[in-house]
2 protein chains.
Amino acid sequence: MEKEHNLSKNQKIIFDIIDKSGGPMKAYSILFDVQKKGIKAPLQVYRALDKLVEIGKIHKIESRNAFIACQNSSCQISKATAFSICESCENVSEISNSKLSKYLSNFSDDSGMKYRKYNLEFFGLCKKCKSK
Amino acid sequence: MEKEHNLSKNQKIIFDIIDKSGGPMKAYSILFDVQKKGIKAPLQVYRALDKLVEIGKIHKIESRNAFIACQNSSCQISKATAFSICESCENVSEISNSKLSKYLSNFSDDSGMKYRKYNLEFFGLCKKCKSK
DNA sequence: TTATAAATGTTATATTATTACATAACGTTA
DNA sequence: TAACGTTATGTAATAATATAACATTTATAA
Ligand SMILES: [Zn+2]
Ligand SMILES: [Zn+2]
Ligand SMILES: [Zn+2]
Ligand SMILES: [Zn+2]
């Protein structure tokens with residue numbers, strides 16, 4: 001059973017706007033959209049984002065400085081994330097491929113490093129953009 | 001045979017400082033260090049960084065907004081990068097594991113996406129930090 | 001040589017993210 | 001309930017990262 005996280009007011013507002021958008025959103029674009037709901041300062045947004053990332057409800061797309069709702073209800077620990085990013089239309093989707101995640105979660109080499117977490121970003125052209 | 005890239009003056013200065021540092025460097029820390037060599041503006045640094053990334057002499061560590069010299073002389077195209085990052089001492093090293101890179105370069109799924117490039121970042125504790 | 005592309009210099013500005021400090025709400029348990 | 005610790009909020013200021021716009025110079029090559 002997964003742990004239930006009761007989101008606070010700001011966390012809910014910010015999660016909902018990202019989730020509804022269906023794609024990655026940038027912090028200041030979120031800020032702009034939630035001004036009408038009383039969230040006026042960047043820090044309010046960043047604090048909610050930090051928490052949401054921590055509990056796995058959203059992920060940060062590092063190469064884009066953007067945040068996307070988790071599309072994979074089972075990955076609430078956020079320790080194994082993979083995304084595909086279209087370099088043309090900037091569409092992003094979360095890859096949920098159990099072979100891939102097994103392969104990467106079990107990866108180890110002779111560096112002596114203990115791997116705890118990974119983030120993988122694939123870049124290319126999505127179906128639509130390929131056929132243009 | 002690999003293509004020879006004749007670095008320009010600024011590109012050489014900036015590559016050398018990153019390469020000598022042996023680890024990831026941030027843009028403004030590079031800027032600070034190269035002021036004595038006449039490079040005074042952020043844009044001069046970012047332009048050199050962009051070029052160096054493009055030709056694969058350095059890579060960007062996305063989760064750290066930092067740049068590291070390529071530790072793998074064969075990856076001058078920069079289309080398949082993997083790093084291990086110690087969350088304690090922030091040591092970064094480039095993973096060069098042919099099985100891993102083959103696996104990821106050949107990865108495909110039913111999304112219809114044509115994957116051209118990837119970047120993978122592993123996080124954990126390095127040997128030294130583990131034993132503390 | 002002359003054209004073209006690549007690199008540089010400079011100023012200003014945009015974008016992304018954090019520090020610092022004060023206050024309020026919440027959950028636990030004495 | 002009262003007291004306590006933890007989490008969340010509000011607000012202002014500022015730090016850190018990155019790009020736009022424009023003028024000029026240098027390298028490459030037809
Ligand atoms: Zn997820
Ligand atoms: Zn696309
Ligand atoms: Zn490399
Ligand atoms: Zn370490």
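First the proteins, then the strands, lettered A, B, ... as listed; each starts at 1.
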Look at B:S8 and C:dA6 and indicate whether a side-chain polar atom (N or O) is within less than 4.0 Å of OP1 or OP2.
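False: B:S8 side-chain N/O out of range (4.0 Å or more) of C:dA6 OP1/OP2.
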Under 4.0 Å from OP1 or OP2 of C:dG9: is there any side-chain N or O of B:N10 that close?
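The answer is yes; a side-chain N or O of B:N10 sits under 4.0 Å from OP1 or OP2.
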Residues in contact with DNA chain D, drawn from residues 17-47 of chain A - heavy-atom cutoff 4.0 Å
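Correct list: A:K40, A:A41, A:L43, A:Q44, A:R47.
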Partner set under side-chain hydrogen bond (donor to acceptor under 3.5 Å, both in side chains) for [X], not counting sequence neighbours:
X: A:D109; value: A:S111, A:Y115
X: B:E62; value: none
X: A:S101; value: none
X: B:S108; value: none

Work out how much the helix from C:dT1-D:dA30 to C:dA30-D:dT1 bends between its end axes, five pairs an end, to the nearest 10 degrees.
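The value is 40°.
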Enumerate the ring-ring contact (aromatic ring centres under 6.0 Å, His included) contacts for residues 84-103 of chain A, please, sequence neighbours excluded, ordered by first and then second residue.
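Residue pairs with at least one partner in residues 84-103 of chain A: A:Y103-B:Y103.
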Nearest-Å distance, CZ (A:R64) to C1' (C:dA17)?
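After rounding, the reported distance stands at 19 Å.
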Applying side chain to side chain contact (heavy atoms under 4.5 Å, CB included), name anything that partners A:D19, two or more places apart in sequence or on another chain.
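A:D19 satisfies side chain to side chain contact (heavy atoms under 4.5 Å, CB included) with A:F15, A:A69 only.
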Can you name the side chain to side chain contact (heavy atoms under 4.5 Å, CB included) partners of B:S21, sequence neighbours left out?
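Side chain to side chain contact (heavy atoms under 4.5 Å, CB included) list for B:S21, sorted by chain: B:M25.
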Is the distance between the ring centroids of A:F122 and A:F83 less than 6.0 Å?
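Ring centres of A:F83 and A:F122 not closer than 6.0 Å.
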In a table with atom names and distances, give each donor-acceptor pair under 3.5 Å that connects a side chain of residues 86-93 of chain A to protein atoms at least two apart or in another chain.
{"unit_1": "A:E87", "atom_1": "OE1", "unit_2": "B:R116", "atom_2": "NE", "d": "2.9"}
{"unit_1": "A:E87", "atom_1": "OE1", "unit_2": "B:R116", "atom_2": "NH2", "d": "3.4"}
{"unit_1": "A:E87", "atom_1": "OE2", "unit_2": "B:R116", "atom_2": "NH2", "d": "3.0"}
{"unit_1": "A:E90", "atom_1": "OE1", "unit_2": "A:R64", "atom_2": "NE", "d": "2.6"}
{"unit_1": "A:S93", "atom_1": "OG", "unit_2": "A:S84", "atom_2": "OG", "d": "3.3"}

On DNA chain D, which is the earliest and which the latest nucleotide, 5' to 3', with an atom closer than 4.0 Å to a heavy atom of chain B?
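Answer, 5' to 3': D:dT17 to D:dA21.
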For residues 32-48 of chain B, run the donor-acceptor check on the side chains, cut-off 3.5 Å, and write out each pair with its distance to 0.1 Å, sequence neighbours left out.
{"unit_1": "B:Q44", "atom_1": "OE1", "unit_2": "B:K40", "atom_2": "N", "d": "2.9"}
{"unit_1": "B:Q44", "atom_1": "OE1", "unit_2": "B:A41", "atom_2": "N", "d": "2.9"}

